[in-house]
Trainee: 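Before anything else, here's the structure in question.
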Amino acid sequence: MIYSFEENPTTEQTDEIYMREALKLAKRAFDEDEVPIGAIIVSQGKIIGKGYNLTQRLNDVTAHAEMQAFTAAANYLGGKYLKDCTLYVTVEPCVMCAGAAYWTQISKIVFGVYDDKRGSSKFGQLFHPKTEIKNGVLEEECSELIKSFFRNKRDK
């Protein structure tokens with residue numbers, strides 16, 4: 001559970017609080033030399049799933065942050081549908097993760113920064129028609145982390 005000292009936090013404040021939690025996971029991925037993307041799933045004010053990229057460690061191209069979070073949330077709820085849940089992810093979901101989000105029927109997706117190379121928005125509307133999408137939450141922090149990771153890779 002995340003607490004805010006605001007009496008009635010705005011949607012923007014709530015989104016920033018949860019995106020900071022996703023950023024913590026992205027930083028953990030960064031520290032483990034994984035592409036730094038973090039994701040959490042929230043239901044009724046409680047984090048019920050979280051993940052960060054594990055593709056290198058698991059040698060699995062499907063081990064994206066969102067996929068880890070979807071699995072954890074589904075296990076927590078005891079079912080595959082994530083209605084009335086929100087996914088917070090530091091970078092726009094890829095096509096695979098957008099497809100998985102579609103099948104979960106998640107209610108809302110909030111992400112930090114667009115992925116200009118592999119983001120799902122490059123391929124049209126891939127999310128469930130009832131899924132609300134919001135972008136740009138803590139965009140600078142999310143962008144700087146991913147840019148820093150790839151800048152470090154190029155410099156090696």
Side-chain angles (χ1 to χ4, degrees), residues 1-2 11-12 14-139 141-147 149-150 153:
M1 177 92 44
I2 302 296
T11 301
E12 289 76 23
T14 299
D15 288 345
E16 286 186 13
I17 288 167
Y18 288 121
M19 188 61 75
R20 288 197 193 290
E21 293 302 309
L23 266 167
K24 288 178 188 175
L25 293 167
K27 289 174 183 171
R28 187 168 170 190
F30 183 96
D31 292 343
E32 295 179 21
D33 205 31
E34 295 275 359
V35 175
I37 299 174
I40 65 166
I41 295 177
V42 176
S43 176
Q44 299 177 350
K46 182 176 182 181
I47 296 172
I48 62 166
K50 56 186 174 178
Y52 60 93
N53 273 357
L54 294 171
T55 58
Q56 297 299 320
R57 183 194 310 171
L58 299 179
N59 197 29
D60 179 358
V61 297
T62 68
H64 289 194
E66 301 94 323
M67 303 300 271
Q68 306 301 315
F70 291 147
T71 299
N75 286 335
Y76 179 88
L77 293 174
K80 60 186 175 181
Y81 297 114
L82 301 178
K83 294 178 181 179
D84 301 321
C85 295
T86 300
L87 167 68
Y88 291 88
V89 61
T90 55
V91 177
E92 175 189 12
C94 70
V95 171
M96 175 185 69
C97 294
Y102 181 99
W103 290 110
T104 70
Q105 299 179 21
I106 198 157
S107 297
K108 185 176 179 182
I109 298 173
V110 178
F111 65 89
V113 64
Y114 279 102
D115 181 343
D116 294 332
K117 292 184 181 177
R118 295 186 177 91
S120 60
S121 62
K122 296 222 149 291
F123 303 95
Q125 167 56 325
L126 300 178
F127 298 110
H128 193 278
K130 292 182 180 177
T131 300
E132 178 187 343
I133 307 296
K134 181 177 179 181
N135 67 291
V137 176
L138 300 182
E139 184 175 10
E141 292 96 322
C142 295
S143 178
E144 183 49 42
L145 185 61
I146 199 89
K147 286 178 182 176
F149 178 80
F150 286 110
K153 289 289 183 191

Trainee: Quick check: closest heavy atoms across I40 and K50, and the distance to 0.1 Å?
Mentor: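 So the two residues come closest at CG2-CB, 3.8 Å.
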
Trainee: Give, for atom OG of S107 and atom CG of L87, the distance between the pair rounded to the nearest 0.5 Å.
Mentor: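 Answer rounded to 0.5 Å: 11.5 Å.
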
Trainee: Distance-only criterion, 3.5 Å: show the donor-acceptor pairs between side-chain atoms of residues 97-105 and protein atoms not counting sequence neighbours.
Mentor:
| residue | atom | partner | partner atom | Å |
| --- | --- | --- | --- | --- |
| T104 | OG1 | A101 | O | 2.8 |
| T104 | OG1 | I106 | N | 3.2 |
| Q105 | OE1 | K83 | NZ | 3.2 |

Trainee: Rounded at 0.5 Å granularity, tell me how far CG in L58 sits from CD in Q68.
Mentor: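 The CD atom of Q68 is 6.5 Å from CG of L58, to the nearest 0.5 Å.
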
Trainee: For side chain to side chain contact (heavy atoms under 4.5 Å, CB included), just list the numbers for M96 and E66, CA-CA rounded to whole Å, side-chain angles, deciding distance to a tenth of an Å, and then say yes or no.
Mentor: CA-CA 10 Å; M96 175 185 69; E66 301 94 323; over 6 Å; no

Trainee: What's the spacing between I48 CD1 and L82 CG if we round to 0.5 Å?
Mentor: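 Those atoms lie 6.0 Å apart.
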
Trainee: Are more than 12 heavy atoms from other residues, nucleotides or ligands located less than 6.0 Å from atom CG of D31?
Mentor: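 Atom CG in D31 is packed in, count exceeds 12.
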
Trainee: How about V91 and V113: do any of their side-chain heavy atoms sit closer than 4.5 Å?
Mentor: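 Yes, their side chains come closer than 4.5 Å.
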
Trainee: Only distances under 3.5 Å count here; give the side-chain donor-acceptor pairs of residues 117-128 to other protein atoms, sequence neighbours excluded, each with its distance to 0.1 Å.
Mentor:
| residue | atom | partner | partner atom | Å |
| --- | --- | --- | --- | --- |
| S120 | OG | P93 | O | 3.1 |
| S121 | OG | E92 | OE2 | 2.6 |
| K122 | NZ | D116 | O | 3.3 |
| Q125 | OE1 | F127 | N | 3.2 |
| H128 | ND1 | K130 | N | 3.1 |

Trainee: Looking only at heavy atoms, which two atoms of A29 and P36 are closest? And how far apart?
Mentor: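 Looking at all heavy atoms of both residues, the shortest contact is CB-CA, 3.9 Å.
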
Trainee: In chain order, what residues pass the salt bridge (Lys or Arg N to Asp or Glu O under 4.0 Å) check against E34, with sequence neighbours excluded?
Mentor: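 Salt bridge (Lys or Arg N to Asp or Glu O under 4.0 Å) check on E34 returns nothing, list empty.
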
Trainee: State the CZ-CG distance between F150 and L145, to the nearest 0.5 angstrom.
Mentor: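 One finds 10.5 Å between CZ of F150 and CG of L145.
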
Trainee: Side chains of N135 and I109, heavy atoms from C-beta outward: is any pair under 4.5 Å?
Mentor: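 No, every pair of side-chain atoms sits at 4.5 Å or beyond.
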
Trainee: Could you tell me whether the side chain of T90 and the main chain of G38 form a donor-acceptor pair under 3.5 Å?
Mentor: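 Confirmed, T90 side chain pairs with G38 backbone.
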
Trainee: Report the residues that fulfil ring-ring contact (aromatic ring centres under 6.0 Å, His included) with Y114, sequence neighbours left out, ordered by chain and then residue number.
Mentor: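 By the ring-ring contact (aromatic ring centres under 6.0 Å, His included) rule, Y114 matches F111.
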
Trainee: Do the non-hydrogen side-chain atoms of E141 and R20 ever get within less than 4.5 Å of each other?
Mentor: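 When only atoms from C-beta onward are counted, R20 and E141 do touch, with a gap below 4.5 Å.
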
Trainee: I47 and E21: which non-hydrogen atoms are nearest, and at how many Å?
Mentor: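 It is CD1-CG, 4.1 Å.
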
Trainee: Filter on ring pair (Phe, Tyr, Trp, His ring centres under 6.0 Å), then keep only pairs touching residues 57-92, sequence neighbours left out; what's left?
Mentor: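 Listed by first then second residue: Y18-Y88.
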
Trainee: Apply side chain to side chain contact (heavy atoms under 4.5 Å, CB included) to residues F30 and I146 and explain how you reach the verdict.
Mentor: CA-CA 9 Å; F30 183 96; I146 199 89; over 6 Å; no

Trainee: Could you go step by step and tell me if L23 and L138 meet the side chain to side chain contact (heavy atoms under 4.5 Å, CB included) rule?
Mentor: CA-CA 9 Å; L23 266 167; L138 300 182; 4.0 Å; yes

Trainee: G51 and A69: which non-hydrogen atoms are nearest, and at how many Å?
Mentor: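 Scanning both residues, the minimum pair turns out to be N-CB, 4.1 Å.
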
Trainee: With sequence neighbours excluded, what pairs up with E139 under the salt bridge (Lys or Arg N to Asp or Glu O under 4.0 Å) test?
Mentor: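 By the salt bridge (Lys or Arg N to Asp or Glu O under 4.0 Å) rule, E139 matches no residue at all.
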
Trainee: Could you pull out the closest heavy-atom pair between I41 and C85, with the gap in Å?
Mentor: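 In terms of heavy atoms, the two residues are closest at CG2-CB, 3.8 Å.
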
Trainee: For atom NZ of K80, decide whether the heavy atoms of other residues, nucleotides or ligands shown that lie under 6.0 angstrom number more than 12.
Mentor: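 Not more than 12 within 6.0 Å, no.
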
Trainee: Working note: I37 + V89, criterion side chain to side chain contact (heavy atoms under 4.5 Å, CB included); need CA distance, chi angles, decisive distance, verdict.
Mentor: CA-CA 7 Å; I37 299 174; V89 61; 3.7 Å; yes

Trainee: Heavy-atom distance under 4.5 Å between the side chains of T55 and V35, does that happen here?
Mentor: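 T55 does not reach V35 side chain to side chain.
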
Trainee: Could you grab the distance from atom OG1 of T14 to atom CD of E16, nearest 0.5 Å is fine?
Mentor: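 So the gap between those two atoms works out to 9.5 Å.
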
